[in-house]
J.: 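My questions all concern the structure below.
One-based numbering along the sequence shown. Just so it is clear, the structure is predicted and the values come from calculations on it, not from any experiment.
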Amino acid sequence: MDKTVIRSFTIADFEEEEIWLREKHKSGWKLKKMIPPCEYIFESCEPKDVIYRLDYTNAEKTNDYLQMYKDFGWEYFTECAGWMYFRKPAEKVDSEADGELFSDNTSRSDMVRNIVKTRFLPLTVIFLCCIVPNLFFIIRNGNSISGILAYFIGGVFSILFVINLVLLIHCSIKLIKIINKYRD
């Protein structure tokens with residue numbers, strides 16, 4: 001039996017997503033696949049403690065890449081928008097390092113820098129080039145648009161501006177903290 005759960009995580013919340021997926025598995029729901037932006041498809045399973053880890057790469061995954069993780073006991077089972085999902089039963093983890101995808105902090109830091117370069121910066125550019133100028137255009141030229149329509153369009157762009165600004169600030173702070181945490 002499958003179950004769909006709607007849940008949203010930002011690009012900076014991947015560690016929280018891993019914890020959430022582990023808790024779902026403990027309660028008898030194993031992640032089957034993820035559909036962007038926030039739809040998780042779970043299948044019923046035996047409740048079990050399973051560690052979930054995510055890796056982000058914008059490069060093509062190769063057989064060697066997947067084999068390396070398989071050799072260390074990780075099951076690759078799905079991907080979504082550059083994120084690759086792995087899991088491993090907690091009973092097969094002998095040490096803290098064995099429960100991690102990356103063998104060192106430099107590799108973890110490199111992944112986060114890749115997120116910043118290929119996801120965060122493009123989203124920031126879109127925000128600065130699309131939403132901000134349109135909001136200012138509506139504010140400046142609102143009188144030339146009929147009354148109710150001007151308020152509606154201005155309201156929509158104001159809401160988009162606030163939501164995106166909050167998300168950008170949240171992701172900035174979180175990604176900086178993660179990079180600093182893994183700094184050697």
J.: If you measure from CD1 on Ile176 to SG on Cys171, what distance do you get to the nearest 0.5 Å?
T.: 11.0 Å
J.: Counting C-beta onward and ignoring hydrogens, is there a side-chain heavy-atom pair between Gln67 and Tyr76 closer than 4.5 Å?
T.: no
J.: Pair up each side-chain donor or acceptor in residues 157-166 with any protein partner under 3.5 Å, not counting sequence neighbours, and list the distances.
T.:
| residue | atom | partner | partner atom | Å |
| --- | --- | --- | --- | --- |
| Ser158 | OG | Gly154 | O | 2.7 |
| Asn164 | ND2 | Leu160 | O | 2.8 |

J.: Over 60° means perpendicular and under 30° means parallel, so classify the ring planes of Tyr40 and Trp20, tilted if in between.
T.: perpendicular
J.: Between Pro133 and Cys129, which heavy-atom pair has the shortest distance, and what is it?
T.: CG-O, 3.3 Å
J.: May I ask you to test the Phe72-Leu101 pair for a side-chain heavy-atom distance under 4.5 Å?
T.: no
J.: State, yes or no, whether a side-chain contact exists between Tyr182 and Asp104 at a heavy-atom distance under 4.5 Å.
T.: no
J.: Rounded to the nearest 0.5 Å, what separates atom CD in Glu17 from atom OH in Tyr52?
T.: 11.0 Å
J.: With hydrophobic residues grouped by side-chain heavy-atom distances under 4.5 Å, do Val112 and Ile169 end up in a single group?
T.: yes
J.: How far does NZ of Lys181 sit from CG of Asn105, to the nearest 0.5 angstrom?
T.: 9.5 Å
J.: Measure the shortest side-chain to side-chain distance between Leu21 and Phe42 over non-hydrogen atoms and say whether it is less than 4.5 angstrom.
T.: yes
J.: Do other residues, nucleotides or ligands put more than 12 heavy atoms under 6.0 Å from Phe77 CZ?
T.: yes
J.: Measure the spacing between CG of Leu128 and CG of Leu168 and express it to the nearest 0.5 Å.
T.: 7.5 Å
J.: Checking Arg87 side chain against Leu31 main chain: does a donor-acceptor pair fall under 3.5 Å?
T.: yes
J.: Below 4.5 Å, heavy atoms only, C-beta onward: do Lys48 and Glu91 meet side chain to side chain?
T.: yes
J.: Hey, any chance Ile19 and Trp74 share a hydrophobic cluster, counting ILVMFWY side chains that come within less than 4.5 Å of each other, even indirectly?
T.: no
J.: Taking salt bridge (Lys or Arg N to Asp or Glu O under 4.0 Å) as the definition, give me every residue that meets it alongside Lys32, ordered by chain and number, with sequence neighbours left out.
T.: Asp2
J.: Name all pairs fulfilling the salt bridge (Lys or Arg N to Asp or Glu O under 4.0 Å) condition that reach into residues 109-124, sequence neighbours left out, sorted by first residue then second.
T.: none
J.: How close do Val116 and Pro122 get, counting heavy atoms only, and between which atoms?
T.: O-CD, 4.3 Å
J.: Tell me whether Glu75 is salt-bridged to Lys30, with the criterion being a basic N under 4.0 Å from an acidic carboxylate O.
T.: no
J.: Look at the aromatic rings of Phe86 and Tyr69 and report parallel, tilted or perpendicular, splitting at 30° and 60°.
T.: tilted
J.: Roughly how far apart are Leu121 CG and Ile115 CD1, rounded to 0.5 Å?
T.: 12.0 Å
J.: Mind checking salt bridge (Lys or Arg N to Asp or Glu O under 4.0 Å) for Asp98 and listing every partner two or more places apart, or none if nothing turns up?
T.: Lys88
J.: By salt bridge (Lys or Arg N to Asp or Glu O under 4.0 Å), which residues pair with Glu18, not counting sequence neighbours?
T.: Arg53
J.: Compare all side-chain heavy atoms of Cys45 with those of His25 and state whether any distance is below 4.5 angstrom.
T.: yes
J.: Is it true that Tyr56 and Leu167 fall in one hydrophobic cluster, defined by side-chain heavy atoms closer than 4.5 Å?
T.: no
J.: Output side-chain donor-acceptor pairs under 3.5 Å for residues 5-14, partner residues at least two apart or in another chain, one line each.
T.:
| residue | atom | partner | partner atom | Å |
| --- | --- | --- | --- | --- |
| Thr10 | OG1 | Ala12 | N | 3.2 |
| Thr10 | OG1 | Asp13 | OD2 | 2.9 |
| Asp13 | OD1 | His170 | NE2 | 3.1 |
| Asp13 | OD1 | Lys174 | NZ | 2.8 |
| Asp13 | OD2 | Thr10 | N | 3.1 |
| Asp13 | OD2 | His170 | NE2 | 3.4 |

J.: Quick one: pull up CD in Glu79 and OG1 in Thr57 and give me the separation to the nearest 0.5 Å.
T.: 9.5 Å
J.: I'd like to check Met68 versus Asp71 (side-chain heavy atoms, cut-off strictly below 4.5 Å). Are they in contact?
T.: no
